[in-house]
Amino acid sequence: MNDCNVTLSKLSQKIINAYQKGFPLSHRPFLELANRFNSTEDEVLECFQELQELQVLSRLGPVFNHQQAGASTLAALAVPEDQIDEIAKLVNQFTQVNHNYAREHSYNLWFVATAANEDALKQCLTHIHRETGFKPLILPMEQAYHIDLGFNIEFTESTGAR
């Protein structure tokens, strides 16, 4: 994981805290953000570009109920510690993987994979096995729980205004 030793503009800080969820669904969502924060659409777009370049923002997109819109599963790989960054990069190259993370367990690299249907999901997991050399432990969802993730980040001077 990267250290969070970056300097973000006040506009970036406001966007991060206000739009971890509830992003405007409109033809010009960045203009809506600009109007809310007394800014311009170009400045908001520059913020998003900068957040991506700094790897503060990894993804901007919707979260779907995958049971309604396709197939998904939680999966895990048992990876030697000295290879975990390399294997995580390989796993992240799959567009079907929406995030992965390290855990303290023999299966230490976990990820969620989604696809249009079960066959496409199986193909993805087969490719991950082939590319990484590690067979995924497949953990399909048995019960859905809603976790409302979103964090109010208290920015410090080292991550704060420029």
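Taking the side chain as every heavy atom from C-beta outward, V79 and T132 never approach each other to under 4.5 Å. A heavy-atom distance below 4.5 Å is found between the side chains of V97 and I128. Considering only heavy atoms from C-beta on, L8 comes within 4.5 Å of L51 through its side chain. Residues N17 and F155 form a side-chain contact, since some pair of their non-hydrogen atoms from C-beta on lies under 4.5 Å apart. Side-chain contact between F48 and L33 is present, with heavy atoms from C-beta onward closer than 4.5 Å.
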Subject >> Candidate pair Y19 and L60, rule side chain to side chain contact (heavy atoms under 4.5 Å, CB included), full reasoning >> reply: CA-CA 10 Å; Y19 289 105; L60 177 65; over 6 Å; no

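Every residue was checked against the side chain to side chain donor-acceptor pair (under 3.5 Å) condition with S106, not counting sequence neighbours, and none meets it. Residues satisfying the side chain to side chain donor-acceptor pair (under 3.5 Å) test with S39, not counting sequence neighbours, are E43.
No chain of hydrophobic side-chain contacts below 4.5 Å, direct or via other Ile, Leu, Val, Met, Phe, Trp or Tyr residues, connects I84 to L74. L137 and L109 are not part of a single hydrophobic cluster, where members link through side-chain heavy atoms under 4.5 Å apart. Cluster membership check: V56 shares its hydrophobic cluster with V44, using side-chain heavy-atom separations under 4.5 Å among Ile, Leu, Val, Met, Phe, Trp and Tyr. No path of Ile, Leu, Val, Met, Phe, Trp and Tyr side chains, each step under 4.5 Å between heavy atoms, connects I138 with V112, placing them in separate hydrophobic clusters. Note on L125 and M141: separate hydrophobic clusters, where clusters join Ile, Leu, Val, Met, Phe, Trp and Tyr whose side-chain heavy atoms are under 4.5 Å apart, directly or indirectly.
Going from atom OH of Y107 over to atom CG of L139 covers 9.0 Å, rounded to the nearest 0.5 Å. Atom CG of residue L57 and atom SG of residue C47 lie 11.0 Å apart, to the nearest 0.5 angstrom. Here the OG1 atom belonging to T73 is positioned 8.0 Å from the CD atom belonging to E118, to the nearest 0.5 angstrom. From F151, atom CZ reaches atom CD1 of I16 across 13.5 Å, with rounding to the nearest 0.5 Å. The CD atom of E32 lies 10.5 Å from the NE2 atom of H27; values are rounded to the nearest 0.5 Å. Note that OG of S72 is 12.5 Å distant from CD of Q96, once rounded to the nearest 0.5 Å.
Counted within 6.0 Å of CD on Q49, heavy atoms from surrounding residues, nucleotides or ligands total 12 or fewer; the atom is thus considered open. Shown here is N38, whose CG atom has no more than 12 heavy atoms of other residues, nucleotides or ligands within 6.0 Å.
The heavy-atom pair separating P80 from F134 by the smallest distance is CD-CZ, 3.5 Å. Across all non-hydrogen atoms, the minimal contact from E131 to L90 is O-CD1, 3.7 Å. Between P29 and F23, the shortest heavy-atom distance links the atoms CB-CE2, 3.5 Å.
Between H105 and W110, the ring planes lie perpendicular to each other; the angle is over 60°, past the 30° to 60° tilted range. Below 30°, between 30° and 60°, or above 60°: for H127 and F94 the angle between ring planes is below 30°, a parallel geometry. Between H99 and Y101, the two ring planes are parallel [angle under 30°; tilted spans 30° to 60°].
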